[in-house]
Amino acid sequence: MAHRLFEGKKHAASYWKYRVSPSQQLIQDVLAFVRRQGMPFDLAVDVGCGSGQGTVLLANHFVSVVGTDVSPAQLEVAMKYGTAPNILYRECPAEGLPCPDGSVALVTAMSAFHWFDRQRFLLEADRVLKPRGCLALLNYTMDMELSQAGCCSLALHTVCQEFYAALVPFRSPHLGTSSVELYKQAYLALPYAHKEWRECVWVRRAMPLSSYIGMVESFSSYQALLRGNPEEASRLSKDTTSRLLSVMGVTDPDTEVEVAVKYYYLLASKPEKDSLCQQPCYKECTLKGGFQYKECTLKGGFQYKE
């Protein structure tokens with residue numbers, strides 16, 4: 001079952017304003033993988049596109065890009081800023097994409113895969129991908145690192161870690177204890193010969209301290225706290241801001257800091273032959289990373305079990 005969050009208009013606006021989008025280097029890593037599979041850069045689908053930061057980046061490289069999301073509020077923001085003529089936005093679930101079979105060169109999910117019905121989405125991605133088409137699942141961890149010139153990084157790190165720790169009780173059970181492990185499980189389970197896994201890809205961005213706080217406030221765990229106890233959520237943000245300002249020896253919350261975000265990603269290429277085929281000729285296979293699948297004895301393909 002997919003989880004629907006981030007759908008309020010205020011939250012959608014904060015997504016565009018505060019969320020860190022993938023770096024150009026990360027996008028180039030994805031494009032290089034697509035290129036190595038010999039795929040044309042004709043159609044990319046950005047699933048769970050949110051307010052469209054990643055969709056806009058893909059539009060610079062593909063003839064057409066479709067951004068999909070279940071949230072009308074997120075798509076409203078995406079359409080406001082993603083105005084390139086080769087971008088099309090569609091409201092739909094990740095598990096039901098508006099694309100014909102075998103029509104897409106690249107399917108991406110940037111900081112979204114963990115909210116999907118993951119097995120059903122992988123089946124759907126396989127359905128719409130062309131042979132040798134590529135799947136790219138990107139995400140980053142919450143434990144971002146803060147630094148500022150002339151300031152004690154350890155002291156800043158301690159305050160940030162306490163900020164994150166205060167939000168752990170409000171983490172969605174759907175995510176388990178580690179989102180990284182969810183992506184690793186998908187990597188291990190995908191029956192694709194050509195696939196890559198990378199961790200600890202650091203993206204560094206300069207931003208005002210207030211934007212760093214805004215980014216953490218846009219996370220699902222903070223939003224859960226905000227819904228349940230607005231006063232405590234406000235107190236936590238204000239206290240964290242005050243402590244960080246004190247460590248930096250400044251009073252302006254718009255003081256510039258550097259935020260280091262730790263990305264990880266999965267890249268995979270659909271085989272030429274059917275990989276998640278629907279033929280009624282399966283034998284049971286063992287579990288891989290928590291995903292069940294059946295092996296097709298006729299084609300050597302696979303089908304995820306419902």
Side-chain angles (χ1 to χ4, degrees), residues 5-6 11 13-27 29 48 50-51 53-54 57 109-115 137-172 175-184 198-226 233-250 252-266:
L5 299 168
F6 318 112
H11 197 185
S14 75
Y15 243 63
W16 177 266
K17 183 175 182 180
Y18 297 122
R19 282 295 181 107
V20 172
S21 57
S23 66
Q24 286 295 334
Q25 184 56 57
L26 277 170
I27 295 298
D29 287 350
S51 49
Q53 291 97 323
L57 295 175
M110 307 187 200
S111 303
F113 171 69
H114 43 281
W115 294 117
L137 307 179
L138 293 76
N139 196 27
Y140 54 86
T141 65
M142 186 177 180
D143 56 341
M144 299 170 290
E145 296 184 0
L146 209 63
S147 61
Q148 195 219 19
C151 182
C152 175
S153 295
L154 179 58
L156 290 175
H157 181 71
T158 299
V159 176
C160 292
Q161 288 299 313
E162 290 176 4
F163 192 13
Y164 308 146
L167 298 176
V168 169
F170 305 96
R171 179 181 174 86
S172 170
L175 302 179
T177 57
S178 170
S179 296
V180 179
E181 289 305 312
L182 296 180
Y183 285 70
K184 278 185 179 178
R198 281 195 67 190
E199 287 186 53
C200 297
V201 182
W202 289 96
V203 172
R204 302 180 186 277
R205 296 282 169 80
M207 64 179 71
L209 176 64
S210 58
S211 291
Y212 161 75
I213 296 293
M215 180 163 59
V216 177
E217 289 177 345
S218 75
F219 291 162
S220 61
S221 52
Y222 184 91
Q223 290 294 310
L225 171 60
L226 184 63
S234 177
R235 185 208 63 77
L236 178 62
S237 290
K238 290 178 180 177
D239 180 60
T240 301
T241 300
S242 177
R243 292 176 65 197
L244 289 171
L245 288 172
S246 177
V247 170
M248 293 189 292
V250 298
D252 185 359
D254 287 330
T255 298
E256 186 173 278
V257 296
E258 183 180 80
V259 178
V261 182
K262 186 166 59 177
Y263 268 87
Y264 51 93
Y265 62 73
L266 178 167

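None of the values given here were measured: they were computed from a predicted structure.
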Evaluation steps, side chain to side chain contact (heavy atoms under 4.5 Å, CB included), between Lys238 and Arg235: CA-CA 5 Å; Lys238 290 178 180 177; Arg235 185 208 63 77; 6.0 Å; no
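- Summarising the geometry, atom OG belonging to Ser234 is positioned 10.5 Å from atom CG belonging to Asp239; distances are rounded to the nearest 0.5 Å.
- Of all heavy-atom pairs between Val20 and Tyr263, the closest is O-OH, 3.3 Å.
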Met248 vs Val257, side chain to side chain contact (heavy atoms under 4.5 Å, CB included): CA-CA, chis, key distance, verdict: CA-CA 10 Å; Met248 293 189 292; Val257 296; 3.6 Å; yes
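- Checking side-chain atoms of Ser218 against main-chain N and O of Met215 turns up a donor-acceptor pair under 3.5 Å.
- In this structure, the side chains of Leu209 and Gln148 stay at 4.5 Å or more apart for every pair of heavy atoms.
- Annotation: side chain of Ser220 is in contact with side chain of Trp115 (closest heavy-atom distance under 4.5 Å).
- Within the 4.5 Å cutoff, the side chain of Glu199 has heavy atoms near those of the Lys184 side chain.
- Considering only heavy atoms from C-beta on, Arg198 stays 4.5 Å or farther from Leu26 through its side chain.
- Cys160 has its side chain within reach of Tyr212: a pair of non-hydrogen atoms, C-beta onward, lies under 4.5 Å apart.
- Gly48 approaches Ala112 most closely through the heavy-atom pair O-CB, 3.6 Å.
- Atom CZ of Phe113 is separated from atom CG of Leu138 by 12.0 Å, given to the nearest 0.5 angstrom.
- Atoms CD and OG, from Gln53 and Ser111 in turn, are 9.5 Å apart once rounded to the nearest 0.5 Å.
- For the pair Ser246 (side chain) and Ser242 (backbone), a donor-acceptor distance under 3.5 Å is absent.
- Note: Phe163 and Tyr222 have perpendicular aromatic rings, judged against thresholds of 30 and 60 degrees for the angle between ring planes.
- The minimum heavy-atom distance linking Ser210 with Asp254 is given by the pair OG-OD1, 2.7 Å.
- Summarising the geometry of Met110 relative to Pro22, their closest heavy-atom pair is SD-CG, 3.6 Å, with the distance given to 0.1 Å.
- Side-chain contact between Tyr140 and Val203 is absent, with no heavy atoms from C-beta onward closer than 4.5 Å.
- To the nearest 0.5 Å, the span separating CG on Leu182 from CG on Leu137 amounts to 11.5 Å.
- For the pair Leu244/Leu146, a side-chain contact is recorded, criterion being any heavy-atom separation below 4.5 Å from C-beta on.
- The CZ atom of Phe219 lies 4.0 Å from the CE atom of Met144; values are rounded to the nearest 0.5 Å.
- Remark: the backbone N or O of Gly176 is paired with a side-chain donor or acceptor of Arg171 at under 3.5 angstrom.
- Atom-to-atom distance recorded for Ser21:OG and Arg205:CZ is 4.5 Å, nearest 0.5 angstrom.
- Side-chain atoms of Met142 and Ser221, non-hydrogen and from C-beta on, do get closer than 4.5 Å to each other.
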